[in-house]
S.K.: 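Here it is, the structure, as structure tokens.
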Protein chains: 2
Amino acid sequence: MHEELRLENQLCFRLYAASRLMTQAYGPFLAKLGITYPQYLVMMVLWEQDAQPVNDLAKRLHLETNTVTPLLQRMEKQGLVIRKRGKEDGRQVIVSLTAKGRQMEETAADVPREVASRMVCSRLTPDTVPELFATLDELIRTLE
Amino acid sequence: MHEELRLENQLCFRLYAASRLMTQAYGPFLAKLGITYPQYLVMMVLWEQDAQPVNDLAKRLHLETNTVTPLLQRMEKQGLVIRKRGKEDGRQVIVSLTAKGRQMEETAADVPREVASRMVCSRLTPDTVPELFATLDELIRTLE
DNA sequence: TACCTTTGTATCGCAAACGATATAAATAAA
DNA sequence: TTTATTTATATCGTTTGCGATACAAAGGTA
């Protein structure tokens, strides 16, 4: 038996499981807004900074553009964003929020708190969370 | 601007990004074995305990059976596992390793070390990793 | 100008991942 | 025993996610 191959010894599996369960935890709240979890991430990026090229959105989310493009196409069909060719650089596609997309920010502002309330852990306190964030941030920087 | 909606303040996004980047880190090594990352997880479960019903595999991986079934069908097509109806309970499908699947464990034993070597972080030490594991484990227990 | 390379998006194909639903076997209830 | 319910898998449709590839715009270079 190879101890290093035990599921319980894997960081990768914990991240994989935690990530999917976290996505599921957001599901019911995002369903009320009519969006999915990756779409929610795109919206957060745009609420923070509107009118960005596809490339910048993808980089921010650590995704490939061939993942983001169809995602944005679906969001455009739903009337959340519009996509326009860049004026200076005709290769770029600038993604901007519609009025509907901007309005959604108000409703969405409650979501993080609602999810957090279902996620009370003894090990996730104002003391320990910054440490966890820093560790994950370093891991992400190292892997990308 | 809603501070709680900033991407940088989200645990969910860090887990999402870290999980995908981790999967990508395994990619090249698993490609040599001819399997994908979720398939690798299934193999780890079976190396630990062979001949399990689909349901147990799914529970162990925190996945739905409708995700695991097609995964196993692809693995069966590749000759890594075989699926047989249970004798006592005809509803169950028992998944077992083939000789090829068992042999793969030897080659795979190097994978965790190879990935770890590309993942050296100042915040991921023998001291801090148990703490991180415990936090993620509690989070997973809370969310499931 | 003509040609080559780089850059930014998009298209295609495949493997997850999951909700909704279907199906058959096992179990409980009548 | 017949009927109803639960349980274990499987099927279907949609959304992600990514590698490989295509393609057009932009930027060199000769």
Side-chain angles (χ1 to χ4, degrees), chain A residues 12-13 16-28 30-31 34-42 52-78 80-81 83-95 143-144, chain B residues 12-13 16-28 30-31 34-42 52-78 80-81 83-95 143-144:
Chain A
C12 63
F13 175 62
Y16 169 83
S19 172
R20 276 186 317 96
L21 291 170
M22 189 69 94
T23 299
Q24 287 175 31
Y26 276 81
L30 297 182
I35 59 176
T36 66
Y37 182 74
Q39 290 172 6
Y40 173 63
L41 296 180
V42 170
Q52 292 192 53
V54 173
N55 213 349
D56 291 10
L57 285 173
K59 283 218 175 75
R60 192 75 198 286
L61 299 172
H62 306 289
L63 288 169
E64 301 300 318
T65 61
N66 56 359
T67 297
V68 175
T69 293
L71 190 56
L72 293 171
Q73 288 170 340
R74 286 185 287 270
M75 293 174 76
E76 187 172 37
K77 212 177 287 179
Q78 299 200 333
L80 293 172
V81 301
R83 301 184 305 144
K84 275 189 238 163
R85 282 281 161 189
K87 282 164 196 152
E88 328 88 61
D89 191 333
R91 292 168 303 180
Q92 291 186 332
V93 168
I94 308 296
V95 183
L143 290 174
E144 74 187 346
Chain B
C12 62
F13 175 63
Y16 169 83
S19 172
R20 278 187 315 95
L21 291 170
M22 189 71 94
T23 300
Q24 287 174 33
Y26 277 81
L30 298 181
I35 58 176
T36 65
Y37 181 75
Q39 290 172 9
Y40 173 64
L41 296 180
V42 170
Q52 291 193 52
V54 174
N55 213 349
D56 291 10
L57 286 173
K59 283 219 175 72
R60 191 75 198 285
L61 299 172
H62 307 290
L63 287 170
E64 301 299 318
T65 61
N66 56 359
T67 298
V68 175
T69 292
L71 192 55
L72 293 171
Q73 288 171 340
R74 285 185 287 270
M75 293 174 75
E76 188 172 36
K77 212 178 289 178
Q78 298 198 334
L80 294 172
V81 301
R83 300 183 306 143
K84 276 188 235 161
R85 281 281 161 190
K87 282 164 196 152
E88 330 87 60
D89 191 333
R91 295 168 301 180
Q92 290 186 334
V93 169
I94 309 296
V95 184
L143 289 173
E144 78 186 343

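We name chains A, B, ... by the order of the sequence lines, and we start the count at 1 in each one. Not measured: the values here are computed from a predicted model.
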S.K.: Please determine whether a side-chain nitrogen or oxygen atom of A:N66 lies at a distance below 4.0 Å from atom OP1 or OP2 of D:dC18.
M.R.: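 So the side chain of A:N66 is outside the cut-off, no N or O lying under 4.0 Å from OP1 or OP2 of D:dC18.
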S.K.: Look up atom CZ in A:R91 and atom CG in A:N55, then write down how far apart they are to the nearest 0.5 Å.
M.R.: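 A:R91 CZ to A:N55 CG: 10.0 Å, rounded to 0.5 Å.
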S.K.: Please determine whether a side-chain nitrogen or oxygen atom of B:Q24 lies at a distance below 4.0 Å from atom OP1 or OP2 of D:dG19.
M.R.: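 No, because none of the side-chain N or O atoms of B:Q24 sits under 4.0 Å from OP1 or OP2 of D:dG19.
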S.K.: Distance check needed: C:dT11 P versus A:L71 CG, whole Å only.
M.R.: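 Going from CG in A:L71 over to P in C:dT11 covers 14 Å.
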S.K.: So does B:Q39 get a side-chain nitrogen or oxygen closer than 4.0 Å to the phosphate oxygens (OP1/OP2) of C:dA16?
M.R.: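 It does, given that an N or O in the side chain of B:Q39 lies less than 4.0 Å from OP1 or OP2 of C:dA16.
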S.K.: Which comes earlier along DNA chain C counting from the 5' end, the contact point of B:G86 or that of A:T69, where each point is its nearest nucleotide?
M.R.: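 The answer here is A:T69.
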S.K.: Under 4.0 Å: is that the gap between some side-chain N or O of B:Y37 and OP1 or OP2 of D:dG17?
M.R.: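 No, because none of the side-chain N or O atoms of B:Y37 sits under 4.0 Å from OP1 or OP2 of D:dG17.
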S.K.: Looking only at side-chain N and O atoms, does B:R91 come under 4.0 Å of OP1 or OP2 in D:dA10?
M.R.: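 It does not, given that no N or O in the side chain of B:R91 lies less than 4.0 Å from OP1 or OP2 of D:dA10.
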S.K.: Using a cut-off of strictly less than 4.0 Å, decide whether B:R20 has a side-chain nitrogen or oxygen near OP1 or OP2 of D:dC18.
M.R.: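 Checking B:R20 against D:dC18: at least one side-chain N or O falls below 4.0 Å of OP1 or OP2.
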S.K.: Measure the shortest side-chain to side-chain distance between B:Q92 and B:V54 over non-hydrogen atoms and say whether it is less than 4.5 angstrom.
M.R.: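 With C-beta onward as the side chain, the pair stays apart.
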S.K.: Output the single nucleotide from C:dA10, D:dT16, D:dT9 whose closest atom is nearest the side chain of A:R74.
M.R.: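 From the listed options, D:dT16 comes nearest.
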S.K.: Can you work out whether A:L72 or A:L21 has the more 5'-proximal nearest nucleotide on DNA chain C?
M.R.: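 Its nucleotide being nearer the 5' end, the pick is A:L72.
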S.K.: Which nucleotide, D:dA10, C:dC18, D:dC18, lies nearest any side-chain atom of B:R85?
M.R.: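 Shortest atom-to-atom distance from the side chain points to D:dA10.
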S.K.: Between B:T65 and D:dA10, is there a contact of a side-chain N or O with OP1 or OP2 at under 4.0 Å?
M.R.: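 For B:T65, the contact criterion (side-chain N or O under 4.0 Å from OP1 or OP2 of D:dA10) is not met.
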S.K.: Given C:dG19, D:dG17, D:dT9, which nucleotide is nearest the side-chain atoms of B:E64?
M.R.: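 Nucleotide nearest to B:E64's side chain: C:dG19.
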S.K.: Any non-hydrogen side-chain atom of B:R85 less than 4.5 Å from a side-chain atom of B:V93?
M.R.: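 They are in side-chain contact.
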S.K.: Measuring from the side chain of B:T67 (C-beta onward, heavy atoms only), which nucleotide among C:dA17, D:dT6, D:dA24 has the closest atom?
M.R.: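 Nearest to the side chain of B:T67 among the choices is C:dA17.
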S.K.: Quick one: is B:Q73 getting a side-chain N or O under 4.0 Å of the D:dT11 phosphate, OP1 or OP2?
M.R.: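 Looking at the OP1 and OP2 atoms of D:dT11, one of them is under 4.0 Å from a side-chain N or O of B:Q73.
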